[in-house]
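Here the structure is laid out as structure tokens; the discussion comes afterwards.
Lettering of chains follows the sequences in order, A, B, ..., and the numbering in each one begins at 1.
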2 protein chains.
Amino acid sequence: MTTNKDTNTEQAILEAAKIVFVKKGMEGARMQEIADEAGINKAMLHYYYRSKDKLFEAVFTETFSKLVPNLIEIVKTDISLFDKIRIFVGNYIDIINENPLIPAFIIHELNRNPDRVVELIKSSGINPIFFINQVEKEIIEDIIEPVNPLHLMVNMLAMCVFPFVARPILEGVIFNEDREQYEIFIQERKKEVCDFIINSIKKK
Amino acid sequence: MTTNKDTNTEQAILEAAKIVFVKKGMEGARMQEIADEAGINKAMLHYYYRSKDKLFEAVFTETFSKLVPNLIEIVKTDISLFDKIRIFVGNYIDIINENPLIPAFIIHELNRNPDRVVELIKSSGINPIFFINQVEKEIIEDIIEPVNPLHLMVNMLAMCVFPFVARPILEGVIFNEDREQYEIFIQERKKEVCDFIINSIKKK
DNA sequence: TATTGGTTTAACTATTTGGTTAAACCAAGT
DNA sequence: ACTTGGTTTAACCAAATAGTTAAACCAATA
């Protein structure tokens, strides 16, 4: 009947909604602002996505899934723990660096609707057991020092995510609003965090 | 003129507002909900604090200052880096554990109003230079391995804060909603994080 | 007891905001 | 050219919500 201009508009809405929702969270975002961002009328949002809730749901699911698949692959790959940590940390930091507001977005939603987020994670294929098993295996094989695998994993994730969540603080308090320096810092971290972890668990 | 019942009410409002704001953020919170929580009329909120903004400001400043002074003392104390890390991590985790929603609250506000938060931090007396200097000193004195002090500091903060921000994920995905296990995990971390850090930077 | 002045309440207002609707628009098919 | 059916718009509605106001309340005190 007509061209699939609908796909364009629908996608444009999603992109705009992503920008606004990720920045302001569900409650902070205004439908009007999303419409403006997409350069369309407010009624279009409802035409394509029924309600604010539905639109948010679409944005959240899409945003979340951007973070996951790559990392699942890495964790399942059959390589040494040290290599795995290097690749995981490097990729994770790179991915977040491309969408640096995502962590705060997920944290906000995690507070607002913990069950949904947990459910999403569970059904995403993320399973910490792979990583934990490998750590335990390499401890037994005397490749690394004894270490609690769960704490190790949480430490790794923490060090990757935190600098993005705390970006305004780092940029404002440490780097005197110099974005360049902050970006260098983030790039450094890919090596720095790995060295820090491996240094801590390697056999002496 | 009258008793200082006003102080009671004013304080009651602040407590109630803290609970609601910390949990739901500025936009998610409703004045009516705060009034209900305080067991008073909605108009009282405006009588004592003029506007939602002003009330939020009061809550945020108070909440933030709960986090800071203790830690500033520790950082300035003249003890070895290892001792300092042990005390800092232990105290920081304990303090947050008493108000576990504060980190997410600050993160949310950090996104909404970065400048205000950065200003507040700057004027709070927090100064990373003390910590950084000590790290550099102990490197020169050959007490610890060479390490980038800034990354070290960020790593430490990250590992302390992250488990609270990600609590629903840990509890839901790792501990199968068993709050007890999560609490044990947090307690373990006070030792685990310190060992992890010190292990990484100590001379071999 | 009557006055005073801060405190509290209930009812009200103005505005914001998510959502609806009916009509206009436009590209494709006949 | 005209019909058709999805797309887009402007105007509108209803609910939610921050904020206001005027009157009632109450404890101290003269």
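Separation of the Phe60(A) and Phe105(A) ring centroids falls under the 6.0 Å cut-off.
Note: CE (Met44(A)) to P (dG18(C)) measures 18 Å, nearest angstrom. In this structure, Lys42(B) places its NZ atom 7 Å from P of dA18(D), rounding to the nearest Å. One can place CZ of Phe56(A) at 14 Å from P of dG19(C), the figure rounded to the nearest angstrom. Put simply, OH on Tyr48(B) is 18 Å from C1' on dG19(D), counting in whole angstrom units. Protein atom CD of Gln32(B) is 12 Å distant from nucleotide atom P of dT9(C), rounded to whole Å. Across the protein-nucleic acid pair, Asn8(B) atom CG and dT8(C) atom C1' stand 14 Å apart, rounded to whole Å. Taking atom CD on Glu10(A) and atom C1' on dT8(D), their separation rounds to 15 Å, with Å as the unit. Whole-Å rounding puts the Glu27(A) CD to dG18(C) C1' distance at 14 Å.
Neither OP1 nor OP2 of dA18(D) sits under 4.0 Å from any side-chain N or O of Ser51(B). Under 4.0 angstrom from either OP1 or OP2 of dG19(C) there lies no side-chain N or O belonging to Arg50(A).
Here the side chain of Asn41(A) is nearest to one of dT9(D), dT8(D), dT9(C), namely dT9(D). Proximity note for Ala43(A) (side chain, C-beta onward) versus dT9(D), dG19(C), dT8(C): the nearest is dT9(D). Closest contact between the side chain of Tyr47(B) and the listed nucleotides dA10(C), dT8(D), dT7(C) involves dT7(C). Considering only the side chain of His46(A), dT20(C) comes nearest among dA18(D), dT20(C), dT8(C).
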Verdict with reasoning, His151(A) to Phe185(B), per side-chain contact (heavy atoms from CB on, under 4.5 Å): CA-CA 8 Å; His151(A) 285 283; Phe185(B) 177 77; 3.3 Å; yes
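In this structure, Glu119(B) does not pair ionically with Arg116(B), as no charged nitrogen and carboxylate oxygen lie closer than 4.0 Å.
A donor and an acceptor atom, one from each side chain of Asn111(B) and Arg167(A), are nowhere located under 3.5 Å apart.
Side-chain N/O atoms of Lys52(A) and base N/O atoms of dG19(C) include no donor-acceptor pair closer than 3.5 Å.
Contact annotation for Ala29(A): backbone-only contact, meaning every heavy-atom pair under 4.0 Å involves sugar-phosphate atoms and none involves a base. Using a 4.0 Å heavy-atom cutoff across all strands shown, Met31(A) reaches sugar-phosphate atoms only and no base atom.
Gln134(B) places a side-chain N or O within donor-acceptor distance of the main-chain N or O of Ile79(B), the cut-off being under 3.5 Å.
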